[in-house]
Amino acid sequence: MKRYRHYKKDKAIILACFGSVVEQDMYLALKDEVEDRFKDIDVFISFSSRMVIKDLKKRDIEYKNLPQLLADVDMLGYRNIVVASINLFPTDEHELLIRTVEGFRNFSYSNIRYTKAIINKTKESSLFLKNLNSQISRKGWANLYIIHGVPILDLAGLSSVNYTEEFLKTISRYNYTCSLEGAFPYYAIKDSLIKKLKEDKIDSIQVVPMLLVSGNHYFKDMVEISNELGEFFNSQIVLPIGNSKRFNLIELKDIRDIIFQNIKEEIIKLG
């Protein structure tokens, strides 16, 4: 096939991220580590948030979304491409990734595969959540895990979100959950939540952002929620574990190990 003769490069990895203006370095650090893990493979990064792409462009920092970058990587002549889903849950952003890859498969001569989202497999997800709870829990403090969530209740992937919430509440009676924009959103259940915390005789609670990269949600939502709870309890946002001044799940070893393993599995399937 004449057109395939232009595909002379072997493999590429595209990290498909949502993006963040505040915590952009978190994604760049991940890219560096992926390059270190997969030394013979070229690594690219895409952002799906148009707001982030436009904001960074104003600072003369240019990134592309996944369709644009897939077109570029195809044009560069890579025969095999792994699109790594850097999404915590297999919900709307992950579903868009799947549709994008499947669309490109219709006309690209590249062999394109995509990875699973991070919280997808039961064993790895359970161990991650258990280790996370062990790392951040403090004696005498309850935990309020806040998931971003999605505003559509029949969306694919919500079972992953539901499992996460139920698992966290199952492993400790001092764990509570809510969302920002999904099921059981804080703005709608805060009165009931505060009542429940009082009934459980909770004196101190830490807010835990269940977000790969906290970004603007840290300033706009987590601080506000912590301050509101602070009117009734000792309240603070969980302390960061990594190098950032804020708590980001993407800095946790368990999260990165899942990402690396997901990429490795798809590279093996490429043959």
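Starting from 1, each residue takes its place in the sequence as its number.
Using a 4.5 Å heavy-atom cutoff, the side chains of Tyr114 and Leu97 are in contact. Annotation: side chain of Leu144 is not in contact with side chain of Thr177 (no heavy-atom distance under 4.5 Å). Proximity of Asn87 to Ile118: side-chain heavy atoms (C-beta onward) are nowhere separated by under 4.5 Å. Using a 4.5 Å cut-off on side-chain heavy atoms (C-beta onward), Val238 and Pro209 make contact. Residues Glu251 and Ile241 form no side-chain contact, since every pair of their non-hydrogen atoms from C-beta on lies 4.5 Å or further apart. Using a 4.5 Å cut-off on side-chain heavy atoms (C-beta onward), Leu249 and Met210 make contact. Residues Ile194 and Leu229 meet the side-chain proximity criterion, which asks for heavy atoms closer than 4.5 Å. Between Gln261 and Ile258, every side-chain heavy-atom pair lies at or beyond the 4.5 Å cut-off.
Distance check: Leu158 CG to Phe89 CZ gives 10.0 Å after rounding to the nearest 0.5 Å. Separating the CG atom in Leu88 from the CG atom in Leu212 is a distance of 5.0 Å, to the nearest 0.5 Å. Distance check, rounded to the nearest 0.5 Å: CG of Leu15 to CD1 of Ile45 gives 5.5 Å. For the atom pair NE2 of His217 and NE2 of His148, the computed distance is 3.5 Å after rounding to the nearest 0.5 Å. Separating the CG atom in Asp74 from the OH atom in Tyr109 is a distance of 10.0 Å, to the nearest 0.5 Å. Here the CZ-CH2 distance, from Phe233 to Trp141, works out to 12.0 Å after rounding to the nearest 0.5 Å.
Remark: Phe44 pairs with Ala12, Ile14, Asp42, Leu69, Val73, Leu76, Tyr78 by the side chain to side chain contact (heavy atoms under 4.5 Å, CB included) rule, at least two apart or across chains. For Phe104, the ring-ring contact (aromatic ring centres under 6.0 Å, His included) test picks out Phe107, with sequence neighbours left out. Every residue two or more places apart in sequence or in another chain was checked for a side-chain hydrogen bond (donor to acceptor under 3.5 Å, both in side chains) with Ser214, and none qualifies. Taking the salt bridge (Lys or Arg N to Asp or Glu O under 4.0 Å) definition, one finds that Asp25 meets it with nothing, sequence neighbours left out. For Lys198, the salt bridge (Lys or Arg N to Asp or Glu O under 4.0 Å) criterion is met by no residue, not counting sequence neighbours. Applying the side-chain hydrogen bond (donor to acceptor under 3.5 Å, both in side chains) rule to Lys39 yields the partners Asp36; only residues at least two apart in sequence or on another chain are considered.
A salt bridge (charged side-chain N to carboxylate O under 4.0 Å, His left out) check over residues 207-231, counting only residues at least two apart or in different chains, returns the pairs Lys190-Glu228. Evaluation of the salt bridge (charged side-chain N to carboxylate O under 4.0 Å, His left out) test over residues 166-180, restricted to residues two or more places apart or in two chains, returns Glu166-Lys169. Evaluation of the salt bridge (charged side-chain N to carboxylate O under 4.0 Å, His left out) test over residues 116-129, restricted to residues two or more places apart or in two chains, returns Lys121-Glu265. Listed by first and then second residue, the salt bridge (charged side-chain N to carboxylate O under 4.0 Å, His left out) pairs that reach into residues 136-153 come to none, sequence neighbours excluded.
Nearest heavy-atom pair, Phe47 versus Phe18, reported as atom, atom and distance to 0.1 Å: CB-O, 3.8 Å. Between Leu56 and Tyr63, the shortest heavy-atom distance links the atoms CD1-CD1, 3.7 Å. Across all their heavy atoms, Ile171 and Leu129 have their closest contact at CD1-O, 4.3 Å. Shortest non-hydrogen contact noted between Tyr176 and Ile202 is OH-CG1, 3.6 Å. In terms of heavy atoms, Asn120 sits closest to Ser125 at N-OG, 3.3 Å. Taking every heavy atom of both residues into account, Ile136 and Gln206 meet most closely at O-NE2, 2.6 Å.
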Mind running side chain to side chain contact (heavy atoms under 4.5 Å, CB included) on Asp10 and Arg79 for me, showing each step along the way? CA-CA 5 Å; Asp10 186 16; Arg79 293 190 295 270; 4.0 Å; yes

Before giving the answer on side chain to side chain contact (heavy atoms under 4.5 Å, CB included), spell out for Ile267 and Phe38 the whole-Å C-alpha distance, their side-chain angles and the decisive distance to 0.1 Å. CA-CA 10 Å; Ile267 289 174; Phe38 303 94; 3.6 Å; yes

Can you check side-chain hydrogen bond (donor to acceptor under 3.5 Å, both in side chains) on Ser126 and Tyr163, steps first, answer last? CA-CA 9 Å; Ser126 301; Tyr163 178 77; 2.5 Å; yes

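Glu165 and Tyr145 share no donor-acceptor pair across their side chains, judged by distance under 3.5 Å alone. Counting only N and O atoms by type, the side chains of Glu23 and Ser244 include a donor and acceptor under 3.5 Å apart. Thr115 and Asn262 are not linked by any side-chain donor-acceptor pair at a separation below 3.5 angstrom, with hydrogens and angles left out of the test. A side-chain N or O of Ser226 and one of Ser235 form a donor-acceptor pair less than 3.5 Å apart. Counting only N and O atoms by type, the side chains of Ser48 and Asn65 include no donor and acceptor under 3.5 Å apart. Residues Asn143 and Ser137 bring a donor and an acceptor atom of their side chains to less than 3.5 Å of each other. For the residue pair Asp203/Asn234, the side-chain donor-acceptor check at 3.5 Å is not satisfied.
Residues near Met75 contribute nothing to a hydrophobic cluster around it, because no ILVMFWY side-chain heavy atom sits closer than 4.5 Å to its side chain.
Remark: side-chain polar atoms of Ser108 are paired, donor with acceptor, to backbone N or O of Ser110 under 3.5 angstrom. For the pair Thr100 (side chain) and Leu96 (backbone), a donor-acceptor distance under 3.5 Å is present. Looking at Arg105, its side chain does come within 3.5 Å of a backbone N or O of Ile112 through a donor-acceptor pair. Using modelled atom types, no side-chain atom of Ser85 and backbone atom of His94 make a donor-acceptor pair closer than 3.5 Å. In this structure a side-chain-to-backbone donor-acceptor pair under 3.5 Å is missing from Arg246 to Pro240. No donor-acceptor pair under 3.5 Å is formed between the side chain of Asp55 and the backbone N or O of Met51.
Surrounding CZ of Phe219 are more than 12 heavy atoms belonging to other residues, nucleotides or ligands, all under 6.0 Å away. The neighbour count for Asn106 CG, taken as heavy atoms of other residues, nucleotides or ligands under 6.0 Å away, is above 12. Atom OH of Tyr174 is surrounded by 12 or fewer heavy atoms from other residues, nucleotides or ligands within 6.0 Å.
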Side-chain donor-acceptor contacts of residues 26-34 below 3.5 Å, not counting sequence neighbours, with atom names and distances?
from	atom 1	to	atom 2	distance (Å)
Lys31	NZ	Glu35	OE2	2.8
Glu33	OE1	Arg256	NE	2.8
Glu33	OE1	Arg256	NH2	2.9

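A salt bridge does not link Asp191 with Lys195: every distance from a Lys NZ or Arg NE/NH1/NH2 to an Asp or Glu carboxylate oxygen is 4.0 Å or more. Taking the charged nitrogens against the carboxylate oxygens, Lys269 and Glu266 do have a contact shorter than 4.0 Å, which makes a salt bridge.
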